[in-house]
Each structure stands twice: as C-alpha cells, then as structure tokens.
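Residue numbers begin at 1 in each chain, while the letters A, B, ... track the order of the sequences.
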Number of protein chains: 2
Amino acid sequence: MVQNNGSAPTRRGRPRAYNPQTALQLATDRFWRGGYSGTSLDQLCAETGMNRPSLYAAFGDKHTLYLKALEGYWQLSLKAIREALADDGKPLKEALLRAYDAQLAIYFAGDESPRGCFVIGTAITEAVEDVEIRNSLAAGLAMLDADFEVRLQVAHERGELQAGADPTALATLASAVLHTIAIRARAGIPRVELREIARKAVNVICGLQS
Amino acid sequence: MVQNNGSAPTRRGRPRAYNPQTALQLATDRFWRGGYSGTSLDQLCAETGMNRPSLYAAFGDKHTLYLKALEGYWQLSLKAIREALADDGKPLKEALLRAYDAQLAIYFAGDESPRGCFVIGTAITEAVEDVEIRNSLAAGLAMLDADFEVRLQVAHERGELQAGADPTALATLASAVLHTIAIRARAGIPRVELREIARKAVNVICGLQS
DNA sequence: GTTATTTTGTACCATTTCGAATAAAATCCT
DNA sequence: AGGATTTTATTCGAAATGGTACAAAATAAC
C-alpha cells in the first residue's frame, strides 16, 4: 500500500495532468462563488481544467468533492483563528482583532468581487437537508466557539475581563461577531466597515470604552 | 384598473384554483428547505399544487418568484422585530429577549425539522453573484441594525446602559447575536440552547452580571 | 344561449445536468 | 521493445431543468 518510499514518486501509469491540492482549491473557489447546488460539474471541470472522469476518479462525485472542499476550508479557517488567538502575552484585544483580520483576509482574498466566508456562503444553505454537511457545520462552529473560549478563559484568569464577566458568554459573543462579519461580507459590505464593526465589538467584549 | 369595487371580486374568466398569498407562502416554504438553486420549478409546483403556467402567470419566473418570497420574509421578520422592540416602558433586557424569541418562533415554526432563518438559509448563498438578492440582503440587514439602534438609543437616553456605552456598537452586537442564532439554528442546534445564547448575550449587552 | 375572457392542464422544446462507457495516450516494469 | 497500468479525452445516455404553446375548461358579460 506504500506508494512513496522516499523522494521518488514512481507512480505506475500515465502521470496526472493536475495537482490534486490545487485542483481541490480551484473547485473550492468555484463552489465559493456559486454555492453547492448552484455549481455544476461542467463548471467545476472548467475551473479545474480537469475532465469529468478525472475529477471523478480524484474526488468522487460532486457531493464528496464538496465535503472535501468544506473540510479543507475548516482546517484553513480554524488554523488561522488559532494562530491569531495563540497566547503570546499580548492583550486580549489585540488577539481578537488579529483573529477577525485573519478571517477578513480570507473573505477578501483575490482580485475578484469579495466572496465572504465559504462556510456561510455554501454550507448553511445545504445544512438543513444534508446531514453530512450539517454535521460538518455544527462541528466547525463548536470548534470555533472552543477556540475563542480558551482564549477568553486565559484573559479571565489574567484579570483582563471586567469583574463578574462570563468568559463562555463572551466567547459566544466573539463567535457571533465573526458570524455577523461573514454574513455582511456576503451582502457586499466593504472591508473597512467590517473591520470597524470588529474593532467596536472587541471593545465591548473587553469591557473598554468606545 | 379597479378590479374590486367592494366585496364582490367579479373577475372575468375562469376563477383561480389557488390563493396567491398562500401559494407564495408555500413557495417560500419550499425555497426555505432547498435554497434557491436547489429548488426546481417542479418542486415549487408540487408544493403549491399549481401547474407550471399558472405559477408563471402569477409570480413570473423562478427568479422573480424568489425575490417576492424574500421580500415577504423581510416584511414578516422585520415586523416581528419591531413589535418586539417597541418601546412599552419595559426594560431593554426584556425587549431584546422578546425580539430573539420572536425570531426563534419563526425559525422553529411547524412540525418539520427546523428551518432556521429564510434569509440566512437562501439569500446568503446567492448574494455574491446575484445583484438583486444582494441588494435585498444589504437593505434588510441595514433595517435590522436600524431597529436595534433605535431601541438602544432609547435605552441609552434612559440610562439603562453602562456608563460610556456606545449604543451603535451595541446595536451591531445585538444584530450579531441574531445572526449567530440564525446560523446555529441552521446547523441543527436545539432551540433551548439558542435561547440560552440569547439570554446570556442580552446580559452582556445590557451590562449585567451573568 | 352565445361570446369574450381568464385560468387550467397537458404536452412539448431546447438545454443542462450527473454520471458512465470506451478508446487513446503516457508512463513504469520486465 | 513489449506488456501492464494509470490517466486522459471524447462520447454517449438517461433524467431533470427552466420555460412555453395550445387546447380545454370555467366563469362573467351581453
């Protein structure tokens, strides 16, 4: 079962004309714009430059391809959040704002019209009728909450929060701020406005004036 | 142009076999579950009991039908928010919780599996590539913000908020709480949990302990 | 009763959709 | 070089899609 015993790939048959990672990223980009139901296999083929059977052999049918795209996005997105929230001794305010900035960078990546959050833009619609997508969504949201909560717990123990503050409630609020930014990004609200929302919200969460 | 000069409808041709209002509501329900792209005309016909040409004559093509459904939902939803936030002399905390409860009642209406928010579930996906849907989305979100802000301004003038609090920032946060609830509802989070999120968030917004 | 008017129901059309079958092409192993 | 193996490219097919044409049906006006 080992197909790579070192540096030489040594695959047997005709070499692939595509790179699986970049192909998955291109497919993700396409779903990002059109949604799951709104994106056809033809569009995915055009975007990835792959023909139908290759796409199929590489990622399975449309549904499993989308699930892989969704999984990849969660990993990317949560990694960015965790790095931003990593405890580096700096104040909570900075960490939170760094987390929101990291997400905004994803939402507004590329030259095209802003795409917002991939999860909000594609998974939310399908979640109600698709169990697997719904489970992935619920799991990702829970991890996001958990990441914020860890950081707010640290801040609480360090006395950064207001007296009597509830770190768990504030963590949910921190998630809520990210959610509202994701939604507004999809509605075409410019990036600077979204950042301002984040900045003011961080002040409220941290219990500061203005 | 007057087609109803009192109580007698007196339409000329064959009478309609459907009620436009209920038909639009049924179409809305169908979009609610499947999304815009994920819902076919056949499904809309099946749900409304209308045949294709009748649906067409009544509401135009799929796109305009959806826009009417979206408009109707905004009206219903914002009306509920405004009624809940109406100043009746009671404390802000109560008004906010009433607003969230009103939305939860919409999200969890019916016996079927919970559908969450219609806007979040259907418009967000299409908004990026569809200008009309995006505009409707942006306008609705702005009105939601405005409704919260009016109420928070009142609370501020009445001294209900913490010293130095920013009513506008808190209004955005109040919207954010609604957004996160809408997203989580779509992810299958049970109603009681969502209400608890609302309750705790209201306490933070109002500057109370726990 | 006849005619005008509006809606209904069936059938139809062109296109798109997802998926698969098949043969050609490009590599590795011997 | 020859065979095995894997991927590519073209093609096909059955079903679903959005939208429309047209005759039958049901009512109001005359």
Side-chain angles (χ1 to χ4, degrees), chain A residues 1-24 26-27 30-31 33-69 126 129-130, chain B residues 1-24 26-27 30-31 33-69 122 125-126 129-130 132-133:
Chain A
M1 280 301 176
V2 174
Q3 52 179 334
N4 193 338
N5 55 346
S7 57
T10 145
R11 298 185 125 272
R12 277 277 265 159
R14 178 172 176 170
R16 284 181 174 150
Y18 60 91
N19 176 291
Q21 278 194 333
T22 58
L24 181 57
L26 288 167
R30 197 62 196 78
F31 278 130
R33 272 180 279 143
Y36 174 72
S37 299
T39 301
S40 70
L41 282 184
D42 276 345
Q43 291 173 313
L44 291 167
C45 288
E47 187 90 11
T48 59
M50 299 166 67
N51 44 41
R52 208 83 66 89
S54 297
L55 198 72
Y56 232 81
F59 306 109
D61 67 359
K62 186 184 170 184
H63 191 250
T64 58
L65 167 56
Y66 173 76
L67 286 177
K68 283 172 183 167
E126 312 295 331
E129 298 231 298
D130 189 311
Chain B
M1 281 302 175
V2 174
Q3 52 177 336
N4 193 338
N5 55 347
S7 58
T10 143
R11 297 185 127 271
R12 276 277 268 161
R14 177 170 176 170
R16 285 181 174 148
Y18 61 90
N19 176 291
Q21 277 193 334
T22 58
L24 180 57
L26 289 167
R30 197 63 196 76
F31 278 128
R33 270 179 281 143
Y36 174 72
S37 298
T39 301
S40 70
L41 283 184
D42 276 345
Q43 291 174 312
L44 291 167
C45 288
E47 186 91 9
T48 59
M50 298 166 68
N51 45 42
R52 209 84 66 92
S54 296
L55 198 72
Y56 231 80
F59 305 109
D61 66 0
K62 186 185 170 184
H63 192 249
T64 58
L65 167 57
Y66 173 76
L67 285 177
K68 283 172 181 164
T122 66
T125 296
E126 311 295 331
E129 299 233 295
D130 189 312
E132 296 178 277
I133 295 179

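The distance from atom OH of A:Y56 to atom P of D:dT11 is 21 Å, rounded to the nearest whole Å. Between the CZ atom of B:F59 and the P atom of D:dG18 there is a distance of 17 Å, rounded to whole Å. The distance between atom NZ of B:K62 and atom C1' of C:dT16, rounded to the nearest whole Å, is 13 Å. Taking atom CG of A:D42 as the reference point, atom P of D:dT11 lies 15 Å away to the nearest angstrom. Summarising the geometry, the separation between OH on A:Y36 and C1' on C:dT17 is reported as 12 Å, rounded to the nearest angstrom. Look at CG on A:N51: it is 16 Å from P on C:dA21, rounded to the nearest Å. Put simply, CZ on A:R52 is 10 Å from C1' on C:dA20, counting in whole angstrom units. B:L55 places its CG atom 13 Å from the C1' atom of C:dT7, with the value rounded to the nearest Å.
The residue B:T39 sits close only to the backbone: its heavy atoms come under 4.0 Å of sugar-phosphate atoms, none of a base. Within the 4.0 angstrom heavy-atom criterion, only backbone atoms of the sugar-phosphate kind lie near B:R16; the bases stay farther away.
Minimum atom distance to the side chain of B:R14 is reached by D:dA26, of the listed D:dA26, C:dC18, D:dT20. For B:P15, counting side-chain heavy atoms from C-beta on, the closest listed nucleotide (D:dT17, D:dA26, D:dT8) is D:dA26. The nucleotide whose nearest atom lies closest to any side-chain atom of A:R12 is, among D:dG19, D:dT6, C:dT8, D:dT6. Proximity note for B:L41 (side chain, C-beta onward) versus C:dT27, D:dT10, D:dG18: the nearest is D:dG18.
Considering A:L65, A:L55, A:T22 as possible partners of A:T48, the one that fulfils the side chain to side chain contact (heavy atoms under 4.5 Å, CB included) test is A:L55.
A donor-acceptor contact shorter than 3.5 Å links the side chain of B:D61 to the backbone of B:T64.
Considering only side-chain N and O atoms, B:S40 lies nowhere under 4.0 angstrom from the phosphate OP1 or OP2 of D:dA16. Of the side-chain N and O atoms in A:S54, none sit less than 4.0 angstrom from OP1 or OP2 of D:dT7.
A:Y36 carries A:K62 over the face of its six-membered ring, with the cationic atom under 6.0 Å from the centre and within 45° of the normal.
The closest side-chain heavy-atom distance from B:Q43 to B:R33 is not below 4.5 Å.
Take the nearest nucleotide of DNA chain D for B:G13 and for B:Q43: the residue whose nucleotide is more 5' is B:Q43.
Using modelled atom types, one finds a donor on one side chain and an acceptor on the other under 3.5 Å when comparing B:Y66 with B:T122.
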